[in-house]
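Sequence lines set the chain letters: A, B, ... in the order given, protein chains first and strands last, and positions in each chain run from 1.
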Amino acid sequence: MLPLLRRAALAATLRGMSQSVFTIEHTDGAARAGVLRTAHGTIPTPIFMPVGTVGSVKALAPDDLAAIGAPIILGNTYHLYLRPGDELVHRRGGLHKFASWPGSILTDSGGFQVFSLSSLRKIREEGVEFRSHLDGSKHLFTPEKVLEIQRNLNSDIMMVLDECVPFGADYAYTEKSLALTTRWAKRAMDAYPPGSAHNLMFGITQGGFYKDLRERSVNELCAMDFDGFAIGGLSVGEPKDKMYDLLYHTAPLLPGEKPRYLMGVGTPLDIATGIHAGVDMFDCVLPTRNARNGTLYTSLGKINIKRREFAEDDGPLDPNCRCYACRNFSRAYLRHLYASQELLSFRLNSLHNLTYFLDLARNARQAIVEGRYMDFLAKITALYPDEAARAAAGS
RNA sequence: GGAGGGGUUCCCGAGUGGCCAAAGGGAACAGACUGUAAAUCUGUCGUCGUAAGACUUCGGUGGUUCAAAUCCACCCCCCUCCA
C-alpha cells in the first residue's frame, strides 16, 4: 500500500488530466472496453459495482469481495452521514480503512434518497432537507455539504447532489427539477474545482422521460469539467421499453472520452443493453437484495431457489459458475439454507449473484475486445426472454 | 376416587345460535424486488368450478331449533389440582 500522502499526490495528478483517469482500449460499435483509475486501483470497464450502502456489502466481508474480483463498491452519503457519521469515519482514516476495504469506493450523494425517501424530505433551492428515517431529526443536504461528507469518507468517486425524479412526473415539474439539479451541479463544481484533491467527481444528468430535457441536461452538465458523467433517474418505475428508449437516446450524447455511469441499473439484460448503448459503469442492489430473497441469476437464467423443484436437486446452482457456492454446495442445500433462514444462505447467495454480475461485465468486456459484442448481447437477451419481450413491447 | 379445564380447517390458536369455509399467527406453495428505511413485500392456502355457486368440515353419536363450531344428552380422548 502506498503511503497516504504519496498516494494522494499521485491521484491529485490524475485528476484534472482526464485522459489518464479513463482510457478506452477497445470499442465495438458504441460499446467500450476501458480502464478507470482511482486512488485505490485500476478498474476495467465495463464494470458492475456492488452496493454497500452503509459501508458493507450486505452479508459479505471484503475477503469475499476480493475472491470474486470486485475492484470497486458503493457507499452512501445519506446513510453514512446519519450513522455512524462522516466525521467519525474521517477520524478513523476514511471509509476504506474503517471498513477494511482496499479497493475503490464510489459514494452516491443522497440523490436517490430524494426519490426513495420522498415522504421524508423537502426540496429547497439550497438543498434537500431530510427527516432522518432513523430518528426523525432534520438534516439539510446541500451540494456543498454532500461533497464535504464524501470527502470525509474519502470516496474515490464522489457523486454530485441531484434530484432523482419519479416516473410519471410531468414536463413542467421535470424541467424545473432539472434546472435545479444543474444549478446544484454548478455549485458542486465551484465548491470543488478540478485539481482540488484526489477524489474524482461525477456529474449526474436527469431530465425524466422527456428527450429534449435529457438533451438539455447533458448539454448543461457536460459543459462542466466532471471526471465522469452519470445517467440518473432511470429505473424509477417506468416500463422497460421506455427505459431503454431513454438510455439509447442519452448515452451517446455524453462525452465519449469520459466514463459513463448508469446509476442504479440493473438486471443482467439492462446491463448488457447499457453496455451496448455505450455505458461503462453500473451499480444495483438487485444481485444482493435478490440473493437475500432467494432469486439467483445463473448462466441458465433466473431461478428462485425456494421452489420445491430444487428440494432434492443435488446439482450445483450454476454448473458454469466458478464461485464458492457453486463449487461446494447443491441446489438442495441452498434451498434448505434459505428455507431455514440460515445466515449462510445470505452469504452464499450474495456471493453467487455478485459473481454472476461481475462475470457478466467481464465477459462483456472480453466480447468487446474480441469484436463480438452483438453476439454477446444476443446471448444475454435469449437468457431473459420475458424481460426482453417487455423491452421490445413499445418499440 | 373427587374437583376443574379442554378437544376447531397441516400446526398453534380465536370464535359460545344466524353476519362462519370459520379471525390471527406459523408452515407450505407461488410471485415481486433496479444509485438498499428490504433477512422485505404480495398472493394462494377444505373440495369442485373461469365464475356465479354447489358440496363437505369444528373429537364421536344422537337430539333441540327455521338455523348449531356454538345449546342439550351420552360416549371417546387430553391436561391440571386434590386424595
Side-chain angles (χ1 to χ4, degrees), chain A residues 48-59 72-80 82-83 106-121 130-136 146 150 155 157-167 202 204-206 230-240 243-244 247 261-271 273-274 279 281-297 302-311 335 337-350 353 357 384 386-387 390:
Chain A
F48 177 80
M49 306 178 285
V51 179
T53 305
V54 299
S56 146
V57 175
K58 293 187 193 303
I72 177 169
I73 62 174
L74 258 69
N76 183 279
T77 299
Y78 167 85
H79 289 282
L80 288 166
L82 286 182
R83 190 167 63 191
L106 180 152
T107 43
D108 186 29
S109 59
F112 184 70
Q113 279 62 45
V114 175
F115 164 77
S116 65
L117 301 179
S118 61
S119 60
L120 297 174
R121 52 73 175 164
F130 281 100
R131 230 171 51 233
S132 163
H133 69 285
L134 299 173
D135 65 5
V146 300
Q150 292 178 89
S155 166
I157 302 176
M158 310 187 292
M159 301 304 298
V160 299
L161 185 64
D162 67 327
E163 180 188 355
C164 182
V165 180
F167 178 66
F202 281 23
I204 305 175
T205 65
Q206 288 287 343
I231 300 171
L234 288 190
S235 204
V236 286
E238 74 280 14
K240 183 116 325 203
M243 175 187 156
Y244 285 11
L247 169 63
Y261 167 26
L262 178 54
M263 301 188 79
V265 171
T267 67
L269 182 59
D270 292 342
I271 291 167
T273 302
V279 174
M281 304 161 70
F282 304 84
D283 80 280
C284 194
V285 305
L286 214 54
T288 41
R289 177 180 292 169
N290 279 4
R292 294 191 304 279
N293 293 331
T295 299
L296 303 172
Y297 293 90
K302 202 169 87 166
I303 77 165
N304 195 325
I305 199 63
K306 329 177 201 189
R307 291 176 62 91
R308 159 157 280 169
E309 62 181 293
F310 303 120
R335 178 179 190 270
L337 290 179
Y338 182 86
S340 307
Q341 302 178 61
E342 278 297 305
L343 297 180
L344 184 57
S345 169
F346 297 144
R347 172 151 174 259
L348 295 179
N349 290 173
S350 298
N353 269 357
F357 276 63
Y384 303 98
D386 295 352
E387 199 186 339
R390 269 182 282 125

Pick the closest RNA chain B nucleotide for A:K302 and for A:V57 by heavy atoms, then say which residue is nearer the 5' end. A:K302
Roughly how many Å is it from [atom1] in [X] to [atom2] in [N], rounded to a whole number?
X: A:N304; N: B:C33; atom1: CG; atom2: C1'; value: 11 Å
X: A:F112; N: B:U36; atom1: CZ; atom2: P; value: 6 Å
X: A:L117; N: B:A37; atom1: CG; atom2: P; value: 5 Å
X: A:M49; N: B:G35; atom1: CE; atom2: C1'; value: 8 Å
X: A:F115; N: B:C33; atom1: CZ; atom2: C1'; value: 13 Å
X: A:Y78; N: B:A37; atom1: OH; atom2: C1'; value: 7 Å
X: A:D386; N: B:A30; atom1: CG; atom2: C1'; value: 15 Å
X: A:L82; N: B:A37; atom1: CG; atom2: C1'; value: 11 Å

Any side-chain N or O of A:T53 below 4.0 angstrom from OP1/OP2 of B:U36? yes
Using a cut-off of less than 4.0 Å, is there contact between a side-chain N or O of A:Q113 and OP1 or OP2 of B:U36? yes
Verify the neighbour count for atom CD of A:E309: are there more than 12 heavy atoms of other residues, nucleotides or ligands below 6.0 Å? yes
Using the [atom1] atom as the point on both nucleotides, what is the distance between [M] and [N], in whole Å?
N: B:C76; M: B:A83; atom1: C1'; value: 26 Å
N: B:G60; M: B:U34; atom1: P; value: 49 Å
N: B:G25; M: B:C78; atom1: C1'; value: 24 Å
N: B:C79; M: B:C29; atom1: P; value: 33 Å
N: B:U57; M: B:G7; atom1: C1'; value: 16 Å
N: B:A30; M: B:C55; atom1: P; value: 33 Å
N: B:U9; M: B:G53; atom1: P; value: 27 Å
N: B:A54; M: B:A21; atom1: P; value: 11 Å

Check every strand shown and say whether [X] touches a base, only sugar-phosphate, or nothing at a heavy-atom separation below 4.0 Å.
X: A:G233; answer: base
X: A:Q206; answer: base
X: A:R335; answer: sugar-phosphate
X: A:L234; answer: nothing

Pull out every protein N or O sitting under 3.5 Å from an N or O of nucleotides 38-40 of chain B, one pair per line with the distance.
from, atom 1, to, atom 2, distance (Å)
B:A38, O2', A:R292, NH2, 3.4
B:A38, N7, A:R289, NH1, 3.2
B:A38, N7, A:R289, NH2, 2.8
B:A39, OP2, A:R292, NE, 3.0
B:A39, OP2, A:R292, NH2, 3.3
B:U40, O4, A:N293, OD1, 3.1

Provide the Watson-Crick or G-U wobble partner of [N], both distances under 3.5 Å; none if there is no partner.
N: B:U80; result: B:A3
N: B:U56; result: none
N: B:A32; result: B:U40
N: B:G18; result: B:C66

Would you mind writing out the side-chain donor-acceptor pairs for residues 111-120 of chain A within the sub-3.5 Å range, not counting sequence neighbours?
from, atom 1, to, atom 2, distance (Å)
A:Q113, OE1, A:N76, ND2, 3.0
A:S116, OG, A:F112, O, 3.4

Distance in Å, [X] [atom1] paired with [Y] [atom2], rounded so as to fall on 0.5 Å steps:
X: A:F310; Y: A:N304; atom1: CZ; atom2: CG; value: 7.5 Å
X: A:T107; Y: A:I157; atom1: OG1; atom2: CD1; value: 9.0 Å
X: A:N349; Y: A:Y338; atom1: CG; atom2: OH; value: 9.0 Å
X: A:H133; Y: A:R83; atom1: NE2; atom2: CZ; value: 6.5 Å

Closest heavy-atom contact between A:C164 and A:V236? SG-CG1, 3.7 Å
Looking only at side-chain atoms of [X], point me to the closest of [options].
X: A:S119; options: B:A37, B:A28, B:U36; result: B:A37
X: A:D162; options: B:G35, B:U36, B:C33; result: B:G35
X: A:V265; options: B:G35, B:A28, B:U34; result: B:U34

How are the rings of A:F357 and A:Y297 set relative to one another: parallel (under 30°), tilted (30 to 60°) or perpendicular (over 60°)? perpendicular
Using a distance-only criterion (donor-acceptor N/O pair, under 3.5 Å, no hydrogens), is the base of B:U36 paired with the side chain of A:S116? no
Run the salt bridge (Lys or Arg N to Asp or Glu O under 4.0 Å) test against A:K240 and tell me which residues pass, sequence neighbours left out. A:D270, A:E387
